[in-house]
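For reference, the structure is listed below as structure tokens.
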Amino acid sequence: MEYEVVIGLEVHAEMATRTKMFCSCPVVDSTQAEPNTTVCPVCAGMPGVLPVVNKQAVEYGMKVGLALGCTINHTSLFDRKNYFYPDLPKGYQISQYEHPLASDGLLVVDTSKGEKAIRIRRAHLEEDTGKLTHVEENGQNYSLVDLNRCGVPLLEIVTEPDIRSIEEAKAYATTLRGILRALGVNSGDMEKGVIRFEANISVREAGTDVLNNRVEIKNLNSFRAMERGIAYEIDRQIKIMESGGTVAQETLGWDEANGCTYTQRSKEDAHDYRYFPEPDLPPLVVDPDWVHRVRASLPELPRARAQRYQADFGLTVADSALLAADTTVAEFFEKTAAAANGVPGKTVAAWILGEVGAYLNRTGENFENLKIKPETLADLLTRMGNGEVNAATAKVILSTLLEKGGTAGEIIKAQGLQQTSDLDLIASLVAKALAENPSELESYKNGKETVANWFFGQVMRMAGGKANPQVVREELARQLKKA
Ligand SMILES: [Zn+2]
């Protein structure tokens with residue numbers, strides 16, 4: 001039997017505001033700040049306190065909603081979602097339930113099979129929970145609670161169950177991350193947990209419309225965890241179906257260390273959370289003028305940017321998507337292309353994705369921390385374009401620039417790397433190469449034309465890579481003909 005997987009994704013994205021969702025506590029880097037240092041009575045859930053909505057968080061949520069083609073609802077409501085867990089001091093989370101901030105959007109993503117449109121059901125505002133760290137020490141188990149994250153604004157973005165493969169799920173997640181970063185509402189720093197996933201998964205016989213019981217996998221905290229979790233679950237559900245069983249509707253956790261899912265809660269419905277309107281907050285009203293202003297402030301999004309690169313620079317779909325996916329990389333590319341005189345955009349793209357990319361992979365550094373500026377790379381590529389240095393030398397210069405900074409001009413001068421087009425010098429090197437290798441010259445004369453390339457390599461090596469390759473080729477051809 002052929003199977004088809006039906007996946008819906010929920011993405012929890014922290015909004016990078018200065019302060020928390022309902023109080024004035026600062027939002028801090030959870031990996032840096034001392035635990036429980038940015039907590040006040042509001043986010044610690046003390047009795048009698050009153051929450052106040054963070055306007056910036058609402059605006060960020062609107063930006064995301066608009067970028068995903070959603071309707072921004074004029075009036076949305078905050079509700080209490082009640083449950084007991086040690087990372088939730090209030091015993092409830094303020095969220096939006098029946099009336100979210102944004103609804104009915106669409107995100108188009110690229111996959112190996114072409115474009116795929118994934119409907120967005122809703123995007124709603126809520127507050128994050130605290131963080132638990134489970135410790136095992138001297139045979140004892142205990143948990144540490146850090147409430148710094150309590151009350152950090154979260155936007156939960158929920159798709160319709162339109163995703164049909166792991167590849168589509170990954171494309172959706174990475175595309176969404178690119179949009180969040182382009183909008184400046186989330187750093188996209190997965191290691192700091194600023195984007196987390198939950199996946200609803202069910203498997204059915206291919207070609208049917210049946211919706212079987214679905215499971216929800218929680219705490220998928222990286223792209224890799226999401227992929228592995230979904231793959232594990234598809235496999236598990238198919239095995240149950242093939243043995244004649246029925247998949248139970250339940251909430252699962254993802255065990256990253258053991259690579260498997262485990263039961264967290266059995267069948268869970270919304271009424272288990274006893275949602276009711278948050279009595280301490282009035283309805284959230286967003287007037288149309290505000291929506292217009294936010295819409296007008298949206299930056300160019302990665303997909304539009306990639307299409308522009310294809311049209312303006314003739315880049316491939318893959319290269320333009322790679323460059324446009326990250327605003328920092330895209331801006332670096334555009335600045336370099338603008339500053340590089342007479343150098344095609346394709347060349348600039350190739351050097352950034354090739355040489356610079358390889359350096360980042362090798363060193364594990366971030367693009368943000370590069371020692372080279374766009375103007376410096378542009379200067380180097382311009383020098384290569386006008387023949388001052390050849391490509392091999394330019395690569396050597398670039399690696400110095402990446403490691404130590406500085407300018408191409410300084411490195412060329414210091415290391416004597418100027419390319420020479422001096423015809424007398426090149427002619428003498430060619431003559432020397434031919435004279436020193438009589439048997440190779442003989443075989444060339446006997447019709448083995450590939451030897452010309454070998455001679456070319458010899459001359460370039462003798463010149464320390466600094467000879468202008470075009471001049472060498474011409475002079476070599478001339479002398480070989482004469483010989
Ligand atoms: Zn607070």
Side-chain angles (χ1 to χ4, degrees), residues 10-64 76-97 99-101 123-134 142-157 180 183-196 218-219 221 273-286:
E10 295 174 15
V11 175
H12 295 255
E14 281 186 5
M15 295 289 102
T17 49
R18 204 170 50 77
T19 57
K20 292 187 181 180
M21 187 67 219
F22 300 113
C23 64
S24 57
C25 288
V27 172
V28 292
D29 182 336
S30 61
T31 61
Q32 300 294 320
E34 281 289 305
N36 300 306
T37 51
T38 56
V39 191
C40 74
V42 177
C43 53
M46 295 294 161
V49 295
L50 286 173
V52 177
V53 174
N54 182 335
K55 187 178 176 187
Q56 185 74 69
V58 176
E59 186 155 316
Y60 281 0
M62 285 161 67
K63 279 186 187 229
V64 178
S76 58
L77 298 178
F78 287 103
D79 297 274
R80 286 189 183 180
K81 180 180 182 179
N82 298 277
Y83 64 96
F84 179 76
Y85 208 65
D87 62 5
L88 190 71
K90 286 196 292 225
Y92 61 86
Q93 177 189 30
I94 303 180
S95 182
Q96 295 188 306
Y97 183 44
H99 302 279
L101 176 67
H124 67 256
L125 287 165
E126 58 186 30
E127 55 181 333
D128 210 342
T129 61
K131 202 174 172 186
L132 295 180
T133 307
H134 304 290
Y142 58 94
S143 297
L144 298 169
V145 188
D146 177 9
L147 298 183
N148 283 351
R149 204 178 67 181
C150 241
V152 168
L154 274 187
L155 189 71
E156 180 173 336
I157 304 150
L180 295 170
L183 293 171
V185 302
N186 182 293
S187 69
D189 203 339
M190 308 293 292
E191 276 153 32
K192 290 181 180 161
V194 296
I195 302 176
R196 280 116 57 191
K218 289 193 177 285
N219 61 282
N221 293 341
Y273 287 122
R274 294 177 295 120
Y275 277 101
F276 63 84
E278 166 58 57
D280 291 336
L281 287 171
L284 174 62
V285 175
V286 174

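When a ligand or atom number is given, it counts from 1 through the structure's own listing order. All values reported here derive from a predicted model rather than from experimental measurement.
Counting only protein N, O or S atoms, 4 lie closer than 2.8 Å to the Zn ion (ligand 1).
If you check the side chains of Gln56 and Thr17, you find no donor sitting under 3.5 Å from an acceptor. Under the 3.5 Å distance criterion, with hydrogens and angles disregarded, a donor-acceptor pair is assigned to the side chains of Ser143 and His134.
Without hydrogens or angle criteria, Asn54 side chain to Thr19 main chain gives a donor-acceptor distance under 3.5 Å.
A salt bridge is absent between Asp79 and Arg274; no separation between the charged side-chain nitrogens and carboxylate oxygens falls under 4.0 Å.
A ring-centre distance under 6.0 Å is found for Phe22 and Phe78.
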Which atom pairs, one a donor and one an acceptor, fall under 3.5 Å between side chains of residues 36-51 and the rest of the protein, sequence neighbours left out?
residue : atom : partner : partner atom : Å
Asn36   : OD1  : Leu147  : N            : 2.6
Asn36   : ND2  : Val145  : O            : 2.9
Thr37   : OG1  : Glu34   : O            : 2.7
Thr38   : OG1  : Asn148  : OD1          : 3.1

